[in-house]
Amino acid sequence: MTFEVTPFDVKGTVNYNRLIDMFGAQPITPEIIERFEQVVGVKAHTFLRRGLFLSHRDLDILLQHIEKHGKHNIYLYTGRGPSSMSMHLGHYIPFAFTKWLQDVLDAKLVIQMTNDEKYLFKDLTLEQVQLMTKENIKDIIAIGFDPKRTFIFDNINYIQHLYPNVLQVQKHLNINKLQSTFGFNNSDHIGKYMFPAIQMVPAFHTSFPTFLKGDSLCVIPCAIDQDNYFRLLRDLCSVCNQRKPVLLHSKFLPSLGVGDKMSASSGDALYLDATKQQIEKAIKRSVSGGGVTLELHRQHGADLDKDTAFQYLKVFLEDDEELKNIETEYKAGRMLTGQVKQRCIEVLQSIFTEFQQKREFITDDLYNQYMTEIKP
Ligand code: TRP
């Protein structure tokens, strides 16, 4: 079965092991998770332990850095392309993980809003993307990043600071590379060709000269489809005299229906502004791996890989023991689909409620604090 993953499109059924092989990334193994726990001195996040973050580039270099220098001079970089008024549960994952990393690494964090990207790649006006940018920034703030150590910027307004690095990168990127990496063709407009450098350069600490120091190491948590940018960039680091960024890649969150990736375009995404009733309805209608009849279910049990509610519990249910119990019971056919879905509904409702409460209380002052460069 063939599949294709670019930042702009995911086709076919993704074979993740093959994908990380093709990308030339390293799998996140139990050994490296254990080393992370030892070096950083914390229990690994569920997203790591449960395999949602599946691969990396140079995580060992990050761990060596911490062993040698402590947590100094590390910064995190991630981003969001605002293409809808509310983010969905799939978008939430890299941000929730980044928040945890910020806490355990005491790190500064820069968040790029690629409003330019969405204007160029989607059928949206500049006014629309700017409105979406503002709403998405509020979603991101509600994840709970440390306002003193987080800087959110949008490309349309911050471009002058990125531009010197963008120029250096653009001088070393040719059309062939961009076509083969991103799937662009000869009749694509030139905006598409000039954009990738803009997403790459926040990985150079010199894009933030007022608050990042000379030897800062960049760590990028992202969904694996964003690797294309940074794979290209890492090859240019030595000619640009920059340090290679470390990457941590996540899988996609499965969709509610059939499909590997929750996406707005397939129309079955769970948006972070969903009400309790909407969550309930969505999960009740989601694809089940349970037996078709009660009898068959009791006999053969559930196919957990196909079961959306179970897959979401695997991601979002914190309690390891409870998850293990659900896994055993459901697989054996003793637990029923309805019960698993009900638990999934509760878990999601509590995450969404906490998120929505935080979002409601974002003042202009707080918003502006995140949009102002970090104090050195
Ligand atoms: N292109 C990403 C999106 O469409 C946004 C983004 C910008 C990003 N910079 C990033 C994502 C760095 C991960 C890491 O959502």
Side-chain angles (χ1 to χ4, degrees), residues 5-10 23 25 47 52-53 55-57 75-99 101-102 107-124 129 132-133 135-137 139-140 143 145 150-159 161-162 165-166 169 178 181-184 191-192 194-205 207-208 218-234 244-253 261-265 269 271-272:
V5 175
T6 73
F8 311 106
D9 205 10
V10 176
F23 281 4
F47 293 175
L52 185 66
F53 273 75
S55 60
H56 72 92
R57 295 181 188 276
Y75 78 102
L76 300 164
Y77 161 43
T78 193
R80 157 80 187 145
S83 57
S84 54
M85 289 297 273
S86 169
M87 293 185 1
H88 65 56
L89 193 58
H91 302 138
Y92 175 83
I93 287 176
F95 284 104
F97 187 67
T98 303
K99 145 114 184 98
L101 277 178
Q102 176 174 54
K108 290 178 179 151
L109 162 65
V110 296
I111 300 176
Q112 178 180 55
M113 304 301 295
T114 54
N115 39 13
D116 48 354
E117 174 193 10
K118 295 302 151 172
Y119 170 69
L120 291 167
F121 287 84
K122 302 256 170 181
D123 188 15
L124 293 168
V129 289
M132 290 169 176
T133 303
E135 293 307 311
N136 283 199
I137 289 171
D139 286 350
I140 291 168
I143 311 252
F145 298 106
T150 303
F151 176 47
I152 307 177
F153 61 96
D154 74 89
N155 286 344
I156 294 175
N157 288 301
Y158 194 72
I159 191 66
H161 305 278
L162 305 176
N165 282 332
V166 165
V169 168
L178 292 179
T181 308
F182 295 102
F184 302 156
K192 291 192 179 181
M194 75 82 207
F195 172 73
I198 300 176
Q199 177 158 335
M200 292 177 196
V201 302
F204 291 172
H205 64 81
S207 297
F208 309 95
C218 179
V219 179
I220 308 175
C222 61
I224 190 148
D225 62 338
Q226 302 297 310
D227 182 70
N228 299 32
Y229 293 100
F230 306 113
R231 188 160 75 239
L232 278 188
L233 183 72
R234 280 166 53 92
K244 286 186 179 181
V246 173
L247 280 123
L248 293 164
H249 305 124
S250 79
K251 290 184 187 170
F252 307 118
L253 186 70
K261 182 175 184 245
M262 180 173 277
S263 83
S265 44
Y271 286 92
L272 293 173

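Because the structure is predicted, anything quoted here is derived from the model rather than measured. Atoms within a ligand are numbered from 1 in the order they appear, just like the ligands themselves.
Close N/O approach between Ile220 and ligand 1 is not found [any backbone or side-chain N/O within under 3.5 Å]. Taking distance alone, with nitrogen or oxygen atoms compared against 3.5 Å, Tyr77 approaches ligand 1 more closely than that limit.
Shown here is Tyr77, whose OH atom has more than 12 heavy atoms of other residues, nucleotides or ligands within 6.0 Å.
Of the protein's heavy atoms, Gln199 NE2, 3.4 Å lies nearest to atom 10 (C) of ligand 1. Summary of contacts: the protein heavy atom closest to atom 2 (C) of ligand 1 is Gln226 OE1, 3.4 Å. The shortest contact between atom 15 (O) of ligand 1 and any protein heavy atom is with Gly81 N, 2.9 Å.
With hydrogens and angles ignored, the 3.5 Å screen pairs a side-chain donor or acceptor of Thr78 with a backbone N or O of Pro221. For Tyr92 (side chain) and Tyr271 (main-chain N/O), no donor-acceptor pair under 3.5 Å exists by modelled atom type. Between the side chain of Asp139 and the backbone N or O of Met87, at least one donor-acceptor pair lies under 3.5 Å. Looking only at distances, a side-chain donor or acceptor of Ser207 sits under 3.5 Å from a matching main-chain atom of Val201.
Between the side chains of Asp154 and Thr133, no donor-acceptor pair of N or O atoms lies under 3.5 Å.
The distance from ligand 1 to the heavy atoms of Thr114 drops below 4.0 Å at these ligand atoms: 5 (C), 7 (C). For ligand 1, the atoms sitting less than 4.0 Å from at least one non-hydrogen atom of Arg80 are 5 (C), 6 (C), 15 (O), numbered in the order shown with element in parentheses. Close contacts of ligand 1 with Cys222, meaning ligand atoms under 4.0 Å from a residue heavy atom, involve 13 (C), 14 (C).
Using a 4.0 Å heavy-atom cutoff, Tyr229 is absent from the residues neighbouring ligand 1.
To the nearest 0.5 angstrom, Tyr158 atom OH is 14.0 Å from Asn115 atom CG. Distance check: Phe97 CZ to Leu76 CG gives 9.5 Å after rounding to the nearest 0.5 Å.
Neither the backbone nor the side chain of Phe95 comes within 4.0 Å of ligand 1, counting heavy atoms alone. Residue contacts with ligand 1, taken as heavy atom pairs separated by less than 4.0 Å, involve Thr78 via backbone and side-chain atoms alike.
For atom 6 (C) of ligand 1, the candidate residues are Ser83, Pro245, Gly79, Pro7; the nearest heavy-atom contact is made by Gly79. Residue nearest to atom 4 (O) of ligand 1, selected from Met87, Gln112, Lys118: Lys118 (by heavy-atom distance).
Residues satisfying the salt bridge (charged side-chain N to carboxylate O under 4.0 Å, His left out) criterion with Arg57, sequence neighbours excluded, are Asp227.
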